[in-house]
Amino acid sequence: MIVFFFLMIALVVVVAAVTLAVIGGGSEAVLPEAEPDRVADGLPETRPVVRADIDALRLPVAPRGYRMAEVDDVLERLAAELAERDARIAQLTAAAAGPAAPEDAAGHVDLSKSGER
């Protein structure tokens with residue numbers, strides 16, 4: 001019987017606390033609007049982005065932030081693709097500086113013989 005009265009008093013206290021929390025909140029939101037964070041060390045604006053820029057990039061985390069593992073995976077993929085792109089550009093630049101590819105009579109370059117597509 002004492003346990004029943006204790007549970008009833010606890011139930012009344014919980015209901016009163018929840019009611020006060022709901023009514024006491026008024027028209028204000030439970031959480032204030034989050035201030036937009038800024039990337040302190042963003043990507044360069046005066047030159048092309050390279051892999052080292054992506055490796056050094058760190059995005060700020062907020063309470064309403066992002067899933068860090070997913071963003072890190074995307075940044076790793078972007079960095080790898082930039083590195084691959086830069087290597088391909090260097091390879092094509094070196095090939096263009098070397099012996100010229102044979103041209104046909106119309107001036108088209110025949111890339112099939114040089115291994116390029």
Side-chain angles (χ1 to χ4, degrees):
M1 191 70 161
I2 293 175
V3 174
F4 176 73
F5 286 119
F6 176 74
L7 289 175
M8 289 302 292
I9 291 172
L11 179 65
V12 169
V13 169
V14 169
V15 168
V18 169
T19 303
L20 286 174
V22 170
I23 293 173
S27 62
E28 292 181 27
V30 176
L31 292 175
E33 285 300 316
E35 292 288 325
D37 287 333
R38 301 284 184 248
V39 177
D41 224 356
L43 298 174
E45 295 181 19
T46 58
R47 62 178 172 76
V49 176
V50 295
R51 181 183 176 114
D53 296 326
I54 302 298
D55 290 340
L57 182 64
R58 295 295 171 255
L59 301 173
V61 180
R64 298 180 189 178
Y66 59 89
R67 296 181 191 275
M68 290 186 286
E70 290 178 13
V71 173
D72 290 343
D73 290 344
V74 169
L75 290 176
E76 284 179 29
R77 178 178 173 208
L78 178 60
E81 288 187 17
L82 283 172
E84 184 179 323
R85 179 205 64 184
D86 291 343
R88 181 71 175 148
I89 289 172
Q91 179 186 21
L92 291 173
T93 302
E103 295 182 10
D104 62 11
H108 296 101
V109 176
D110 182 13
L111 297 177
S112 62
K113 294 179 184 172
S114 66
E116 302 294 328
R117 291 184 182 234

Asker: Enter the distance from Arg51:CZ to Arg85:CZ here, rounded to the nearest 0.5 Å.
Answerer: 12.5 Å

Asker: To which residues is Ile2 joined in a hydrophobic cluster, defined by side-chain heavy-atom contacts under 4.5 Å among Ile, Leu, Val, Met, Phe, Trp and Tyr, whether direct or through other members?
Answerer: none

Asker: Tracing side-chain links under 4.5 Å among I, L, V, M, F, W and Y, which residues wind up in one group with Val15?
Answerer: Leu11

Asker: When rounded to the nearest 0.5 angstrom, what is the spacing between CZ in Arg88 and OG1 in Thr93?
Answerer: 10.5 Å

Asker: Leu7: which other cluster members, linking ILVMFWY side chains closer than 4.5 Å, directly or transitively?
Answerer: Val3

Asker: Distance-only check: which donor-acceptor pairs under 3.5 Å involve side-chain atoms of residues 72-80, not counting sequence neighbours?
Answerer:
residue	atom	partner	partner atom	Å
Arg77	NE	Glu81	OE2	2.9
Arg77	NH2	Glu81	OE2	3.3

Asker: Running the 4.5 Å side-chain criterion over Ile, Leu, Val, Met, Phe, Trp and Tyr, what cluster does Val50 land in, apart from itself?
Answerer: none

Asker: In chain order, what residues pass the salt bridge (charged side-chain N to carboxylate O under 4.0 Å, His left out) check against Asp86, with sequence neighbours excluded?
Answerer: none

